Amino acid sequence: MNTPAAAVRATWPLIAILAAAFALRVWGAGFGLPHTECRPDERQLVNLATRVADGDLNPHYFIWPTLYVYVLAAVFRLEGLAGLFHDAPARLAELIFTARLLGVLLGTALVYAVHEVSRIVSGRAAARTAAFLCAVTFLAVRESHFGMLDVPMTLAIVAAMTVLLGARVLTPWRAAAFGLAAGLAASIKFNGILVMVPGLVLALYDGARSKDLARTSWRLALGMALAAILGFLAGTPYAALDAPAFLAGTRALHDHLASGHVHDGQQLAIGSPLRAYAFDLLPAAVGWPVVIVAAAGFVLLLVRQRREAVALVSFPVAYLAAASTGSTVFARYALPLVPFICVAAAEAIASLAGRAGHYKVAVVVALSALLAFPSMRAAFWLDTLLARTDSRLLAAQWIAAHVPSGATIAQTGSVYGKVQWSGSNWRETSLDATPQSLPDFVIVPRSPLRLYSRVPESVDALINGDYRLVQDISTGIDAVAPEAFDQSDAFFLPLQRSPAIRRPGPDVSIYERRAR
């Protein structure tokens, strides 16, 4: 009998999972702040949203679509009206933190969306398992800490899948609703459009069961496509209103993805993206045990729920096929695959536990915890580190306490590894100077990230001859192999748990010029 008490008992496991997901995502959300470059691209996205919030609806930048830019702009306007901002540097840091909190909420919502897809496909028991796996998955936890596009896009993709799979037969109206959702996903980040592949597959699948395959499939696909265009333009209207700038942005994005990631004149091209996803990124994202069980889950779904399984399988296949055509790979690019892996793994776990009779719940809990443990432990480790003071902040504190006013300071490496300080007590200069005008202090960040922490031999020779080490902030990062990192990303923590690391950030050495 369905009583209110029974409904509450049935709901509390999901509530507990969502609470745990939120806790894992909000813990450490202030990472690196007020340093505004600790997470690449956050500052760029926030600046775009700020410009829109100030009244210019055309962002004039189309490496990304603009739906999420508008969402952030609306949130910033609300916060601005509340009078939460003060001076300009503090305002930027607060805006980034606001974007991160929104990422935390959307990352938690993603867990619920995964629950709903799994419930539609496999039932309530499997849905809780899928939600739990998504809640503790390393990559989903990591990316939900940051104010970027990958989590909202992935949420939009999974939400579109709930629309697509919410009925046993695809009707023209449902096809249009799904197309609209797919267009909105693409309007957050371009690769969201790949969720159209499951829709088109189901249009063909359901059309094959009708009396007129060609006509039915064509009508469904056409309605879906037109609605997707409408959804995309609703979120990115200047794709039409400023078409030249939009086309220039998409061409630049295509070149970037095709040729490899370039930073400060250095290029990193991944020779085999498909291999990188299969053997590096996905195991790091969710753990090898979940990947293996998910493969079995996809097979079970194809046997038991062929219609839904075809739709679920088609997205990872299409996504990996598209990703393998370029040479630029970031770990966060694997995030849209995570929900599908969680749903498939949950199907396999529920199927195995179904043979346990009265011990079914205990078996589900035990298997889920066992399989998720490597990823869950890595997520907990990540949160612990993100909550600690970043090495770049410690370096800024040391400068404030020990560097005299008026001193000149030079730094090596990328902007993402450099130390930021407030005020104008010191003047930043370069090392390209004559011996008579060398800086008073030199800051050298070091890490296994080749693109972002390169120290030229000439700098090493200079500091060994003319400078003395006055402060050395060690994070333990030098004990970790370069292969453990996402080398494309200026994020100074590896993709796997590394107990040697004590805090986020590069190692930072500060040198003072010897007295003459």
Side-chain angles (χ1 to χ4, degrees), residues 20-33 35 37-42 45 96-97 99-111 114 131-155 157-158 189 276-277 280-288 290-291 329-339 341-342 372-388 390 416 447-449 452 475 477 480 483-499 501 503-506:
F22 178 81
L24 282 171
R25 285 152 178 78
V26 79
W27 183 12
F31 151 73
L33 294 174
H35 193 299
E37 298 288 359
C38 278
R39 192 68 186 101
D41 295 336
E42 279 185 324
L45 183 64
I96 290 174
F97 186 64
R100 289 183 182 179
L101 289 181
L102 186 57
V104 168
L105 294 174
L106 296 179
T108 305
L110 174 61
V111 174
V114 168
F132 169 75
L133 294 177
C134 187
V136 302
T137 289
F138 174 78
L139 189 63
V141 170
R142 191 188 86 156
E143 295 309 313
S144 296
H145 279 83
F146 308 121
M148 282 304 298
L149 300 171
D150 300 276
V151 166
M153 178 198 65
T154 302
L155 173 60
I157 287 171
V158 179
K189 197 172 181 184
Y277 276 98
D280 298 325
L281 299 186
L282 286 178
V286 299
W288 271 115
V290 176
V291 171
V329 176
F330 285 80
R332 63 179 183 266
Y333 290 177
L335 183 62
L337 298 171
V338 169
I341 291 173
C342 291
F373 180 74
S375 191
M376 183 166 46
R377 184 173 67 161
F380 186 84
W381 164 82
L382 173 75
D383 281 355
T384 302
L385 288 179
L386 291 180
R388 294 176 183 169
D390 188 278
Y416 304 117
S447 80
L449 292 172
Y452 305 102
T475 65
I477 197 172
V480 183
E483 297 76 32
F485 292 84
D486 178 1
Q487 286 289 336
S488 298
D489 199 353
F491 186 59
F492 295 90
L493 287 173
L495 287 172
Q496 56 195 38
R497 181 177 174 270
S498 301
I501 296 182
R503 66 179 66 254

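Worth saying up front: this structure is predicted, and the values here are computed from it rather than measured. Side chains are part of it too, since the values below use all heavy atoms of this structure and drop only hydrogens, waters and symmetry mates.
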Distance-only donor-acceptor pairs under 3.5 Å for side chains of residues 99-107, two or more places apart:
unit_1 : atom_1 : unit_2 : atom_2 : d
R100   : NE     : E42    : OE1    : 3.3
R100   : NE     : E42    : OE2    : 2.9
R100   : NH1    : A29    : O      : 3.0
R100   : NH1    : F31    : O      : 2.6
R100   : NH2    : F31    : O      : 3.3
R100   : NH2    : E42    : OE1    : 2.9

Nearest 0.5 angstrom please: [X] [atom1] to [Y] [atom2], how far?
X	Y	atom1	atom2	answer
S447	Y452	OG	OH	10.5 Å
L493	I477	CG	CD1	6.5 Å
I501	T384	CD1	OG1	12.5 Å
L24	L382	CG	CG	9.5 Å
Y416	D41	OH	CG	5.5 Å

Got a sec, which residues hit side-chain hydrogen bond (donor to acceptor under 3.5 Å, both in side chains) with R142, two or more places apart in sequence or on another chain?
-> none
Could you tell me whether the side chain of P339 reaches within less than 4.5 Å of the side chain of T154, counting heavy atoms only?
-> yes
Less than 4.5 Å apart, any side-chain heavy atom of L133 and any of I341?
-> no
Quick check against the 3.5 Å criterion: does [X] have a side-chain atom that pairs as donor or acceptor with the backbone of [Y]?
X	Y	result
H145	W27	yes
Q487	P448	yes
D383	G28	no
S144	R25	no
T137	A135	no
S488	V329	yes

Pairing residues for F373 by the ring pair (Phe, Tyr, Trp, His ring centres under 6.0 Å) criterion, not counting sequence neighbours = none
Apply the side-chain contact (heavy atoms from CB on, under 4.5 Å) test between R39 and each candidate in I96, D489, L33; give the one that qualifies.
-> D489
Would F146 and F491 count as a close aromatic pair, with their ring centres under 6.0 Å?
-> yes
Take D150 and K189 through the salt bridge (charged side-chain N to carboxylate O under 4.0 Å, His left out) test and state the conclusion after the steps.
-> CA-CA 7 Å; D150 300 276; K189 197 172 181 184; 2.6 Å; yes
Axial cation check for F330 ring with R332, 6.0 Å and 45° limits = yes
